[in-house]
Every structure is written in C-alpha cells, then in structure tokens.
Amino acid sequence: MSALASLTNLFSGGDLLIILLVILLLFGAKKLPELARGMGQAIKEFQKAKDEFTDELHKAGHSDDAAKGNPPPASTVARTDAPASSAVRPDPNQGATPGGKADQV
C-alpha cells in the first residue's frame, strides 16, 4: 500500500523538477526537441493504427450481417398503414364483455 502511495507522489512538486533536470543533463538541450518530436510521432502512429483497427472491426461486423442475409432493420417504428382486413378480432374463447348481447338467447 505504501509503495502505491509513493508512486502517486513521485511526480509532485520538486521531484518532477529534479527528474526533468536529470533528463536534460543526460540528453542535452539539443536532443530534447528531437526526442519530444519522435515521441509525438510515435503517439500519432499508435492512434492511427488504433483507429484503422477499430474501423476494420466495424466494417467486418457489417459485412458479416450482409453476407448472412440479415440486413439491418429499416425502422423500429411500427407501421400504421395496415389493411383493414388485418384488424384485431376478439377471441371467441374469451368471456363476453359486460353489457353485451351474450346474456340474451
């Protein structure tokens, strides 16, 4: 637990300044911009590769659905222009509604 606490406090205040001075002494003032530029390019390449990978996964998911004959649904809203013949009819096995003519014989 104390090791984790010391890691979180490593880059606070004066410690960060000392680390930056040591890096400056090791690499020199002329090498630091080159190192930062190289690190920026590496991060950009990593982001580009990650985006290409996610795009390929996304495209593969869509092509699998189309290959199986399962096109994406056109709409999730129920149609309201249904023909009149498909109207819902009451179930004859259910009891009669109150006030209906079922009690008259």
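Values reported hereafter were calculated over all heavy atoms of this structure, with side chains retained and with hydrogens, waters and symmetry mates removed.
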Measuring from Thr54:OG1 to His58:NE2, what's the distance to the nearest 0.5 Å? 9.5 Å
Write out all pairs satisfying ring-ring contact (aromatic ring centres under 6.0 Å, His included) with one or both partners inside residues 26-54, taking only residues at least two apart or from two chains. none
Remaining members of the apolar cluster that contains Leu25, side-chain heavy atoms under 4.5 Å: none
Only one of Leu26, Leu20, Ile19, Leu24 clears side chain to side chain contact (heavy atoms under 4.5 Å, CB included) with Val22; which? Leu26
Separation of Glu52 CD from Leu57 CG (nearest 0.5 Å): 12.0 Å
Show me the donor-acceptor pairs within less than 3.5 Å that the side chains of residues 30-44 make with the rest of the protein, sequence neighbours left out.
none

Salt bridge (charged side-chain N to carboxylate O under 4.0 Å, His left out) partners of Glu45, counting only residues at least two apart: none
